[in-house]
Amino acid sequence: DFQLPLAGRTVTISAGGTREPLDPVRFLGNRSSGKQGVALAVAARNAGATVRLLAAHMEVPPPAGVEVVTVETALQLREAALAAAADSDVVIMSAAVADFRPAVVSDTKIKKRDDSADPVITLVRNPDILHELVEVRNAAGDEARQRLIVGFAAETGDSHGDVLAYAEAKLQRKGCDLLVVNHVGSDKVFGQDTNSVVILARSGSEPQEASGTKAEVSEAIINRIGFELNSVSP
Ligand code: C5P
């Protein structure tokens, strides 16, 4: 019998970049396009999964055939992710989450006034959603333990070995099951036209390389997730 690798599975994917408001018209944001998350959503859908896309700001439209939950801030994404995780088999955190947000959000547009000092923006730390998902999962029962949590990391380093070492430390710190590592920077092998990633597993199996278009890399990641799920809970 032919079965798609994620048939019957629910996969939650966060994508895009959060925006942290300063006042009603201004925010702190980042350059995440959401393309990687959207490509993952397409690959998961094509692999037979029910897909829920937690969409922060994206430059590309969400794909057809997936449920979309729109969020703006890290705190909204956290709420949506914790709610969605409860009935998901897989959570993939591919969103670029702001590490900090303005401590105070002004109700009215911040004005420039010649008689006042230049404004100072105080930032406070946002929660690490990925880490929190892992803690909630680990505190829950056996069924929840079969849930798979996948993080992303963009690392810089002088060598492939350095990057793998940083990523390995991050994998242990965050406690997620898989960490998809992008080597960003001037390295010849990485950061070129095609996307190239290494998938690290907390189970300690060999790092797996995947490269190609974002669609091809996403298929490799989704296939790996299918393999992990099917080797634990068929
Ligand atoms: O620590 P770093 O930002 O490199 O980790 C990246 C991973 O952690 C990504 O999967 C990202 O979605 C997630 N993350 C998060 N909450 C944050 C910051 C990052 O879930 N506040």
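Order of appearance sets the numbers: ligands from 1, and atoms from 1 within every ligand.
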Check: Just by distance, do the side chain of D177 and the backbone of V150 share a donor-acceptor pair under 3.5 Å?
Finding: no
Checklist line | N/O donor-acceptor pair under 3.5 Å between T73 side chain and E20 backbone | finding: no
Notebook entry, point to check: Applying a strict 4.0 Å limit to heavy atoms, is C176 in contact with ligand 1?
Noted result: no
Item checked: The one among A167, P127, A74 that brings a heavy atom closest to atom 21 (N) of ligand 1 -> P127
Note to self: When you measure from the side chain of S14 to the backbone of S94, do you find a donor-acceptor pair of N or O atoms at a distance under 3.5 Å?
What the structure shows: yes
Next item on the list: Test L82 against every option in I129, V91, L77, V136 by the side chain to side chain contact (heavy atoms under 4.5 Å, CB included) rule and name the one that passes.
Entry: V136
Notebook entry, point to check: Considering all heavy atoms of both residues, which atom of P63 and which atom of A41 are nearest to each other, and what is their separation?
Noted result: CG-CB, 4.0 Å
Next item on the list: Keeping the roles fixed (side chain from R125, backbone from D99), state whether a donor-acceptor pair exists under 3.5 Å.
Entry: no
Next item on the list: Please write down residue, atom name and distance for the protein heavy atom closest to atom 7 (C) of ligand 1.
Entry: F152 O, 3.0 Å
Checklist line | Per-atom contacts of ligand 1 with D99, taking only distances under 4.0 Å to non-hydrogen atoms | finding: 18 (C)
Check: Considering only the protein, which heavy-atom contact is closest to atom 16 (N) of ligand 1, and what is its distance?
Finding: I129 N, 3.0 Å
Next item on the list: Determine whether any heavy atom of E132 lies closer than 4.0 Å to an atom of ligand 1.
Entry: no
Notebook entry, point to check: Got a donor-acceptor contact below 3.5 angstrom from the R26 side chain to the I110 backbone?
Noted result: yes
Check: With no hydrogens and no angle check, is any side-chain donor or acceptor of D89 less than 3.5 Å from a backbone partner on T10?
Finding: yes
Margin query: Applying a heavy-atom cut-off of 4.0 Å, say which part of L133 lies close to ligand 1: side chain, backbone, both or neither.
Written below: neither
Check: Which is closest to atom 20 (O) of ligand 1 by heavy-atom distance: L77, L130, V97, V91?
Finding: L130
Check: How does S14 reach ligand 1, if at all, at less than 4.0 Å between non-hydrogen atoms: by side chain, backbone, both, or neither?
Finding: neither
Notebook entry, point to check: Below 3.5 angstrom, do we get any N/O pair linking A95 and ligand 1?
Noted result: yes
Notebook entry, point to check: Has the side chain of E209 got a donor or acceptor atom that lies under 3.5 Å from a matching backbone atom of S196?
Noted result: no
Item checked: Atoms of ligand 1 close to D128 [distance to a heavy atom under 4.0 angstrom, numbered from 1] -> 15 (C), 16 (N), 17 (C), 20 (O), 21 (N)
Notebook entry, point to check: So, the side chain of R45 versus the backbone of A64: is there a donor-acceptor pair under 3.5 Å, distance only?
Noted result: yes
Check: If we only count N/O pairs under 3.5 Å, is G151 in contact with ligand 1?
Finding: no
Next item on the list: Identify which of K170, R173, R101, K174 has a heavy atom lying nearest to atom 5 (O) of ligand 1.
Entry: K174
Check: Is M93 close to ligand 1, meaning an N/O of one under 3.5 Å from an N/O of the other?
Finding: yes
Item checked: Part of H131 with heavy atoms under 4.0 Å of ligand 1, whether side chain, backbone, both or neither -> neither
